[in-house]
Amino acid sequence: GALTTTFLGHQVSNPFLNAAGVLCRTPEDLLQLASSVSGSMITKSCTVEPREGNPEPRYAAAPYGSINSMGLPNLGFEFYKQFAVEHRGKLLFISVSGMSMDENVKMAKDLLPVAKETGCIMELNLSCPNVPGKPQVGYDFTTMREYLQRVSSVYDAPFGVKLPPYFDIAHFDQAAAIFNEIPQVAFLTCVNSLGNGLVIDVDTETVAIKPKDGFGGLGGRYILPTALANVNAFYRRCPTKLVVGCGGVYSANEAFQHILAGASLVQVGTALHEEGPQIFQRVVDEFALLMRAKGYNTIDDFKGKLKTL
Ligand SMILES: O=C(O)c1[nH]c(=O)[nH]c(=O)c1Cl
């Protein structure tokens, strides 16, 4: 169909998938994604050991999106690796977010044979903002370079990096220079939640979530312009890499903006959490109508073709 596209040699029926962390932690979640219309899917960022995560309430819908401080709750790397072994059908991404560099290197090394065997793709998450005491690697360029050098030395297959949003042109330049040094980094997923926002309820005069005095990562409508800027900044700076867009996608309209900005695939987080997996059928239908209305036959007809003034 018109929405068919390929990503690192894998054909997908449409460019849409979930954002890591949303509807992808448990077997039940993953079954809902596998049986949805999404072209591909990604698992909850995992650590070597299973984690309970932060105390609840740790997710809240907000006027213009969401706030979360989940704290990396997950069933542990072995579970998601085994899921990849048994999974059949749509393209599968495995999100890895170790608590240390050694943990990331260990998981990457263990995942490699499964990736080669099954075609699943690793997305290395360097941008979790919600584990107390664990600063975001994505904001520490020296550490990020070391992580990527160490992981790419044990993982000789294409992988992606889930990035935090950057807000300074010099940071786009410095981060891109690191990625361009590492050939195995095949794609960049822009962006993770905007870290450490604060949602306040005026009636109750209270924060929305329990962990970290209510500080948490923002998603949804709050973050679309920032997500688009990060997609486009790395699309321009990393011509040998693909970009996956994430942030603020509720409909074909925002997805189209991400693809114009340079995204090859588009992840849906907050809107998926709020609407459920039927959102993928709605967005696919909307997207087909939008492409037809604009006279486009394929995604490549407009990918990255954002016009400047
Ligand atoms: O709190 C989380 O689990 C979490 N929440 C986010 O918004 N981004 C992440 O990468 C992670 Cl790992």
Side-chain angles (χ1 to χ4, degrees), residues 17-26 29-30 41-62 64-77 79-80 93-101 103-104 107 122-140 143-144 147 159-166 187-199 207-224 226-227 230 244-249 267-274:
L17 70 158
N18 61 303
V22 181
L23 197 64
C24 57
R25 185 172 63 86
T26 67
D29 292 341
L30 294 165
M41 61 187 280
I42 187 167
T43 56
K44 169 65 187 172
S45 293
C46 65
T47 45
V48 169
E49 297 304 323
R51 285 174 57 91
E52 286 291 307
N54 291 337
E56 295 180 332
R58 57 195 188 184
Y59 173 96
Y64 298 99
S66 66
I67 186 167
N68 91 83
S69 183
M70 309 304 285
L72 252 177
N74 73 94
L75 298 181
F77 172 72
F79 168 79
Y80 300 103
F93 294 85
I94 302 291
S95 176
V96 167
S97 184
M99 297 299 282
S100 68
M101 186 163 11
E103 212 178 300
N104 278 313
M107 287 190 281
M122 180 171 72
E123 183 183 88
L124 183 64
N125 181 1
L126 300 183
S127 44
C128 175
N130 300 323
V131 178
K134 187 171 170 291
Q136 291 198 60
V137 173
Y139 286 151
D140 175 345
T143 304
M144 181 161 72
Y147 266 55
F159 68 96
V161 187
K162 177 70 172 286
L163 295 172
Y166 299 102
F187 67 97
L188 305 163
T189 302
C190 303
V191 291
N192 208 317
S193 54
L194 269 58
N196 296 296
L198 188 59
V199 169
V207 301
I209 54 174
K210 185 177 176 73
K212 293 174 57 178
D213 297 327
F215 284 60
L218 302 179
R221 300 205 185 277
Y222 295 118
I223 77 170
L224 178 64
T226 294
N230 279 260
V244 174
C246 185
V249 176
Q267 298 181 346
V268 184
T270 297
L272 171 60
H273 189 281
E274 294 306 313

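Whatever order the structure lists them in is the order used to number ligands and atoms, beginning at 1.
- Between Ser193 and ligand 1, at least one pair of N/O atoms sits closer than 3.5 Å.
- Heavy atoms of Pro129 come nearer than 4.0 angstrom to ligand 1 in at least one pair.
- Nearest to atom 12 (Cl) of ligand 1 among the protein's heavy atoms is Cys128 SG, 3.1 Å.
- Interface of Asn192 with ligand 1, defined as ligand atoms under 4.0 Å from a residue heavy atom, comprises 6 (C), 7 (O), 8 (N), 9 (C), 10 (O).
- Put simply, CG on Asn18 and NZ on Lys44 are 11.0 Å apart, with the number rounded to the nearest 0.5 Å.
- Here the CG atom belonging to Asn74 is positioned 8.5 Å from the CZ atom belonging to Arg25, to the nearest 0.5 angstrom.
- If you look at Val131 next to ligand 1, there are no close heavy atoms at all, none under 4.0 Å.
- Looking at Ile223 and Pro165, their side chains never come closer than 4.5 Å, going by heavy atoms from C-beta outward.
- Among Gln136, Met70, Lys162, the residue whose heavy atom lies nearest to atom 2 (C) of ligand 1 is Met70.
- One N or O on the side chain of Tyr147 and one on the backbone of Met101 form a donor-acceptor pair closer than 3.5 Å.
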TODO: Test side chain to side chain donor-acceptor pair (under 3.5 Å) on Asn54 and Lys212 and set out the steps.
DONE: CA-CA 9 Å; Asn54 291 337; Lys212 293 174 57 178; over 6 Å; no
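- Exactly one residue among Val268, Leu272, Thr270 makes a side chain to side chain contact (heavy atoms under 4.5 Å, CB included) with Val249. That residue is Val268.
- For Lys44, every heavy-atom contact with ligand 1 shorter than 4.0 Å involves the side chain, none the backbone.
- The minimum heavy-atom distance between Phe215 and Ser69, with the atom names listed, is O-CB, 3.9 Å.
- Ranking the protein heavy atoms by distance from atom 4 (C) of ligand 1 puts Asn130 ND2, 3.7 Å first.
- For ligand 1, the atoms lying closer than 4.0 Å to a non-hydrogen atom of Leu72 are 1 (O), 2 (C), 3 (O), 12 (Cl).
- In terms of modelled atom types and a separation under 3.5 Å, the side chain of Asn104 and the main chain of Gly98 share a donor-acceptor contact.
- Residue contacts with ligand 1 include Gly71, since one or more of its heavy atoms lies under 4.0 Å from the ligand.
- The Asn125 neighbourhood of ligand 1 comprises atoms 9 (C), 10 (O), 12 (Cl), with distances under 4.0 Å to a heavy atom of that residue.
- Gly217 does not count as a contact of ligand 1, since none of its heavy atoms falls under 4.0 Å from the ligand.
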